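The structure presented is a predicted model; accordingly, all values stated were derived computationally and were not measured.
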Amino acid sequence: MKKADEILFSLIVPVYNRRDEVADLLKSLEKQTDRGFEAILVEDGSTQLSLPDGKGPEGLRLKYYIKDNEGRSIARNHGIVRADGDYFVFVDSDCVLPPDYFRNLRKSLADHPADCFGGPDAAHESFTDTQKAINFAMTSFLTTGGIRGGKVSMEKFTPRTFNMGFSREVFEKCGGFREMFSEDIDMSTRIRMAGFTIMLYPEVFVYHKRRVDMKKFWKQVHVFGQSRITLELLYPGSMKLVHWLPAVFTIGAVLLVIGSFFWKWMLIPLLVYLLALWFAGMAATKSLKIATMGIGAALVQLTGYGTGFIKAYTSKIILGKGRDIAREIEIRKGKNEGL
């Protein structure tokens with residue numbers, strides 16, 4: 001493995017009008033205790049450039065590219081083919097890295113080698129209460145945290161692009177990201193199918209700001225629910241019973257609420273679940289306010305994902321409108337490979 005001052009890692013970040021967030025990310029990169037990395041920012045058609053003069057902080061190895069808007073996957077691939085590292089690391093522009101991020105990553109790779117890896121996300125103490133509540137909803141085992149794979153979960157660990165990496169060898173064999181929703185799950189699936197190892201590194205975490213309001217959060221998870229159906233069409237049999245849970249919850253909650261008009265005790269199962277969420281939120285956040293807000297965030301998450309799943313399942317599978325989805329994505333992949 002390369003020395004601590006040589007470029008081992010290439011951190012690649014797609015950016016679209018996120019100047020303030022990029023500023024926070026760069027500040028966290030300046031504080032890294034392991035300097036064996038370069039940072040690559042790819043502005044994907046931004047109208048508000050993160051670095052108007054093209055220059056980053058002094059002492060930070062930074063490559064900065066500006067390109068037309070084509071999507072975050074193509075932006076990541078744009079960075080990959082211009083990277084010098086042996087490993088490509090991906091985070092979102094709304095992430096902040098703790099000072100020992102690359103130090104811990106180097107140690108984890110040495111102790112437990114892997115071709116592809118990922119780590120969890122957490123809420124920084126400086127985040128707003130809404131951001132902390134959303135983070136709880138996205139990471140709790142009582143919501144879809146057990147599906148996403150941020151820790152020991154209900155399915156095989158699947159790295160996500162808010163904190164993910166893989167070796168140059170993986171890229172050379174599997175290619176880059178495809179321009180689609182849930183592109184990280186698609187990428188992880190192709191990596192696993194190619195026989196590469198995938199590892200969770202719990203100590204290699206990021207602070208993830210996520211969406212700043214519930215409306216944007218609902219739209220985001222609604223798309224996640226729809227993309228689960230796309231993944232099933234691409235990889236038949238990949239959808240497990242656990243992926244149905246948000247949709248089952250959504251339908252069940254609606255039926256319980258309707259049933260309560262005829263028999264009030266019908267709400268008891270839903271109330272018990274919400275109480276369990278509150279206790280889990282208290283244990284995770286140590287805050288009465290955030291635990292209470294976390295219930296609302298969890299409901300937004302579950303119903304957003306659930307309705308997206310139901311909508312896409314009905315349209316693409318029951319009505320057969322997803323038959324050509326694989327061909328459409330292959331066309332986008334061809335555009336990707338034209339970099």
Cluster question for you: counting only ILVMFWY and a side-chain heavy-atom cut-off of under 4.5 Å, with indirect links fine, are [X] and [Y] together?
X: L274; Y: V272; result: yes
X: Y207; Y: L200; result: no
X: M193; Y: L231; result: yes
X: L8; Y: L11; result: yes
X: F196; Y: I198; result: yes

For a ring pair (Phe, Tyr, Trp, His ring centres under 6.0 Å) check, start with the C-alpha distance between Y201 and F117, then their side-chain angles and the critical distance, and finish with the verdict. CA-CA 7 Å; Y201 294 149; F117 49 84; 5.8 Å; yes
Verify the neighbour count for atom [atom1] of [X]: are there more than 12 heavy atoms of other residues, nucleotides or ligands below 6.0 Å?
X: D111; atom1: CG; result: yes
X: R192; atom1: CZ; result: yes
X: E169; atom1: CD; result: no
X: K311; atom1: NZ; result: no

If we ignore hydrogens and angles and just use 3.5 Å, is the side chain of [X] paired with the main-chain N or O of [Y] as donor and acceptor?
X: S315; Y: A312; value: no
X: S10; Y: E38; value: no
X: R160; Y: S182; value: no
X: N17; Y: S46; value: no
X: N163; Y: V91; value: no
X: S167; Y: V170; value: yes
X: D44; Y: P14; value: no
X: S238; Y: Y235; value: yes
X: T128; Y: Q131; value: yes
X: E179; Y: S73; value: yes

Side chains of [X] and [Y]: closer than 4.5 Å at any heavy-atom pair?
X: M199; Y: L109; answer: no
X: C116; Y: M187; answer: no
X: V96; Y: H124; answer: no
X: F261; Y: M266; answer: no
X: L51; Y: L62; answer: yes
X: Y273; Y: L302; answer: yes
X: F224; Y: R228; answer: no

Matching residue for F37 among Y87, F9, Y101, F102 - test: ring-ring contact (aromatic ring centres under 6.0 Å, His included):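 That would be F102; it is the only one of Y87, F9, Y101, F102 passing the ring-ring contact (aromatic ring centres under 6.0 Å, His included) with F37.
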Quick one: pull up [atom1] in [X] and [atom2] in [Y] and give me the separation to the nearest 0.5 Å.
X: C174; Y: R190; atom1: SG; atom2: CZ; value: 6.5 Å
X: N77; Y: E70; atom1: CG; atom2: CD; value: 10.5 Å
X: L105; Y: Q32; atom1: CG; atom2: CD; value: 10.0 Å
X: L41; Y: L49; atom1: CG; atom2: CG; value: 11.0 Å
X: I134; Y: Q301; atom1: CD1; atom2: CD; value: 10.0 Å
X: D213; Y: T130; atom1: CG; atom2: OG1; value: 8.0 Å

Suppose we call two aromatic rings close when their centres sit under 6.0 Å apart. Are W244 and F249 close by that rule?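 Between W244 and F249, the centre distance exceeds or equals 6.0 Å.
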Would you please indicate if the ring centroids of F166 and F90 are separated by under 6.0 Å?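 Ring centroids of F166 and F90 are less than 6.0 Å from each other.
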Distance alone, cut at 3.5 Å: any donor-acceptor contact between the side chains of K132 and T285?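 Their side chains do not contain a donor-acceptor pair, so the 3.5 Å distance test is not met.
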Taking atom types as modelled, is there a side-chain donor on H208 or N135 under 3.5 Å from an acceptor on the other? no
Would D84 and R61 satisfy salt bridge (charged side-chain N to carboxylate O under 4.0 Å, His left out), going step by step from the backbone distance to the final call? CA-CA 11 Å; D84 293 321; R61 285 183 284 211; over 6 Å; no
Linking Ile, Leu, Val, Met, Phe, Trp and Tyr by side-chain heavy atoms under 4.5 Å, what else ends up with L255?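 So far as hydrophobic clustering goes, L255 is joined with I251, I310.
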For S287, check side-chain hydrogen bond (donor to acceptor under 3.5 Å, both in side chains) against everything at least two apart and list the hits.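 For S287 there are no side-chain hydrogen bond (donor to acceptor under 3.5 Å, both in side chains) partners, ignoring immediate neighbours.
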Ring pair (Phe, Tyr, Trp, His ring centres under 6.0 Å) between Y305 and H222: does it pass, once the steps are laid out? CA-CA 5 Å; Y305 187 105; H222 188 74; 9.6 Å; no
Relative to Y16, does R72 satisfy both conditions: NZ or CZ under 6.0 angstrom from the six-membered ring centre, and within 45 degrees of the ring's axis? no
So is R76 actually on top of F177's ring, under 6.0 Å and inside 45° of the axis?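 Yes, a cation-pi geometry.
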Are the charged groups of K209 and D92 less than 4.0 angstrom apart, N to O? no
Is K67 salt-bridged to E43, going by a charged N under 4.0 Å from an acidic O?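 No.
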